[in-house]
Amino acid sequence: MKKLLLILSWSLIIFPLFSQKEFSLVLGGGLNKMSGDIGGDNFKSLLKNDLGGGFSLGLRYTLPSHLGFRIFGDYSKYNGKDNKLYNGERILSFKSNVASFGGQLEYIILGNSYIENSKPHSLYLFGGGNAAFSKAVLDDQTKVNENAGALFLGAGYQYRLCKAMSLGAEAKQILFLSDKIDGFYKNVAGNQNQDTAFDFKITLSYFFPQVNLSGGKWEINN
């Protein structure tokens, strides 16, 4: 009986919180740059050799408590090329295709849509993790496949165009729990760090109408 009363008590607290929710589908696309063992010598090299691209699709769930959750899938292409000798012995290049699946927790600093007189601007911080599946090609000949975890932190911005759509941007720094994402992992001095990447995407979000059962009929809240 005590357990039942405890469950009912928690339900009365949690249900009002999670019954007020907002779902959105988030599509993102943009540029990225891996900071591994290859490339990254200067700004010219960045523009010529080291910029990659990718896209993502996620389902976002936001609450009145300024918290949000998202599950997502991401596909990224990373590139890099040395433009000078390292240790007097190499000029390498790589291309990596990385598919990842993960989740993130968000904290909305500005622009919670549940508060009165809410602003169209929304600013939030986020962090999370994902499973990454990488296929790298080193110097157009050596193939290296790697499955690894990754952790990331970032910040995002959205401008609510209307109730159903928003346009925004997200930037995040990724730490791969592996040194093989760029295909190079030779055990030499100065080459024992995990690969990292910076990711910037423009985002477009669609907000699903809230549907409630009222008086035995389904109603859509506009």
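Note that the structure is predicted; figures quoted are calculated from it, not measured.
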**Student:** Before giving the answer on side chain to side chain contact (heavy atoms under 4.5 Å, CB included), spell out for F152 and L175 the whole-Å C-alpha distance, their side-chain angles and the decisive distance to 0.1 Å.
**Tutor:** CA-CA 6 Å; F152 57 85; L175 171 65; over 6 Å; no

**Student:** Is T62 close to R60 at the side-chain level, that is, under 4.5 Å between some pair of heavy atoms?
**Tutor:** yes

**Student:** Is there a donor-acceptor contact under 3.5 Å from the side chain of H66 to the main chain of I108?
**Tutor:** yes

**Student:** Side-chain heavy atoms under 4.5 angstrom apart, residues restricted to Ile, Leu, Val, Met, Phe, Trp, Tyr: same cluster for V26 and L105?
**Tutor:**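 Result: no, two separate clusters.
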
**Student:** Any donor-acceptor pair under 3.5 Å linking the side-chain atoms of Y124 with those of E170?
**Tutor:** yes

**Student:** Hey, can you tell me if F69 and Y61 have their rings parallel, tilted or perpendicular (30° and 60° cut-offs)?
**Tutor:**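 If you compare the ring of F69 with that of Y61, the planes turn out tilted.
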
**Student:** Assess the residue pair D50 and M34 against the criterion (side chain to side chain contact (heavy atoms under 4.5 Å, CB included)); give the C-alpha distance rounded to whole Å, side-chain angles, the decisive distance to 0.1 Å, and a yes or no.
**Tutor:** CA-CA 7 Å; D50 299 337; M34 179 168 288; over 6 Å; no

**Student:** Is there side-chain contact between F184 and L92, with at least one heavy-atom pair below 4.5 Å?
**Tutor:** yes

**Student:** Identify the heavy atoms of A132 and V98 that sit nearest to each other, and give their distance.
**Tutor:** CB-CG1, 3.9 Å

**Student:** For residues 91-103, which residue pairs pass the salt bridge (Lys or Arg N to Asp or Glu O under 4.0 Å) check, not counting sequence neighbours?
**Tutor:** none

**Student:** Under 3.5 Å, is there a donor-acceptor pair linking the side chains of N97 and K77?
**Tutor:** yes

**Student:** So, the side chain of D182 versus the backbone of D195: is there a donor-acceptor pair under 3.5 Å, distance only?
**Tutor:**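 Side chain of D182 to backbone of D195, a donor-acceptor pair under 3.5 Å: no, none is there.
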
**Student:** Would you tell me whether S178 and E146 have side-chain atoms, one donor and one acceptor, within less than 3.5 Å of each other?
**Tutor:**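 There is such a pair (donor and acceptor under 3.5 Å, judged by atom type) between the side chains of S178 and E146.
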
**Student:** Decide if atom OH of Y75 counts as having more than 12 heavy atoms of other residues, nucleotides or ligands within a radius under 6.0 Å.
**Tutor:**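 Yes, because the 6.0 Å sphere around OH of Y75 holds more than 12 heavy atoms from other groups.
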
**Student:** Just so I know, are the side chains of L25 and L57 near enough to count as touching, which here means a heavy-atom distance under 4.5 Å?
**Tutor:** yes

**Student:** Working to the nearest 0.5 Å, report the span between CZ of F200 and CG of L31.
**Tutor:**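 Reported value, rounded in 0.5 Å steps: 8.5 Å.
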
**Student:** What closest approach, in Å, do S166 and R160 show between heavy atoms, and which atom pair accounts for it?
**Tutor:**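 It is CB-CA, 3.9 Å.
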
**Student:** As a quick check of understanding, evaluate side chain to side chain contact (heavy atoms under 4.5 Å, CB included) for Q158 and L167, giving each step before the final call.
**Tutor:** CA-CA 6 Å; Q158 285 188 350; L167 184 66; over 6 Å; no

**Student:** If you group Ile, Leu, Val, Met, Phe, Trp and Tyr by side-chain heavy-atom gaps below 4.5 Å, do I202 and Y159 land in one group?
**Tutor:**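 I202 clusters together with Y159.
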
**Student:** Grouping I, L, V, M, F, W and Y whenever their side-chain heavy atoms are under 4.5 Å apart, do F55 and L59 come out in a common cluster?
**Tutor:** no

**Student:** Quick one: closest heavy-atom pair of I181 and A136, and the distance?
**Tutor:**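 Nearest heavy atoms, I181 then A136: O-CB, 3.6 Å.
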
**Student:** Taking all atoms of both residues into account, what is the closest heavy-atom pair of F126 and E106, and its distance?
**Tutor:**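 In this case the closest contact between F126 and E106 is CB-CG, 3.7 Å.
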
**Student:** Can you tell me how far CG of L151 sits from CD of Q194, rounded to the nearest 0.5 angstrom?
**Tutor:**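 The CD atom of Q194 sits 8.5 Å away from the CG atom of L151.
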
**Student:** Which heavy-atom pair separates S76 from D199 by the least distance, and what is that distance?
**Tutor:** OG-OD2, 4.4 Å

**Student:** Would you please name every residue forming a side chain to side chain contact (heavy atoms under 4.5 Å, CB included) with Y206, sequence neighbours left out?
**Tutor:** A164, M165, F208, P209

**Student:** Indicate the atoms forming the closest heavy-atom contact of F207 with S24, along with that distance.
**Tutor:**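 In terms of heavy atoms, the two residues are closest at CD2-CB, 3.6 Å.
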
**Student:** Under the ring-ring contact (aromatic ring centres under 6.0 Å, His included) rule, collect the residues that match up with F101, sequence neighbours excluded.
**Tutor:**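 With sequence neighbours excluded, F101 shows a ring-ring contact (aromatic ring centres under 6.0 Å, His included) to no residue whatsoever.
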
**Student:** What distance separates L123 CG from I109 CD1, expressed to the nearest 0.5 Å?
**Tutor:**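 Rounded to the nearest 0.5 Å, the CG-CD1 separation comes out at 5.0 Å.
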
**Student:** Test side chain to side chain contact (heavy atoms under 4.5 Å, CB included) on K180 and S134; report intermediate values, then the result.
**Tutor:** CA-CA 8 Å; K180 299 182 180 180; S134 170; over 6 Å; no

**Student:** For the residue pair K201 and S56, establish whether any side-chain heavy-atom pair is separated by less than 4.5 Å.
**Tutor:** yes

**Student:** Is it possible for you to say whether V144 and F133 belong to one hydrophobic cluster, with membership spreading through side-chain heavy-atom contacts below 4.5 Å?
**Tutor:**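 No, because V144 and F133 fall into different hydrophobic clusters, even though each may have its own neighbours under 4.5 Å.
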
**Student:** Could you tell me whether the side chain of N130 and the main chain of S100 form a donor-acceptor pair under 3.5 Å?
**Tutor:**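 Looks like no, no N/O pair under 3.5 Å.
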
**Student:** Could you tell me whether K172 sits above the aromatic face of F72, with NZ or CZ closer than 6.0 angstrom to the six-membered ring centre and within 45 degrees of the axis?
**Tutor:**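 K172 over F72 ring: yes.
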
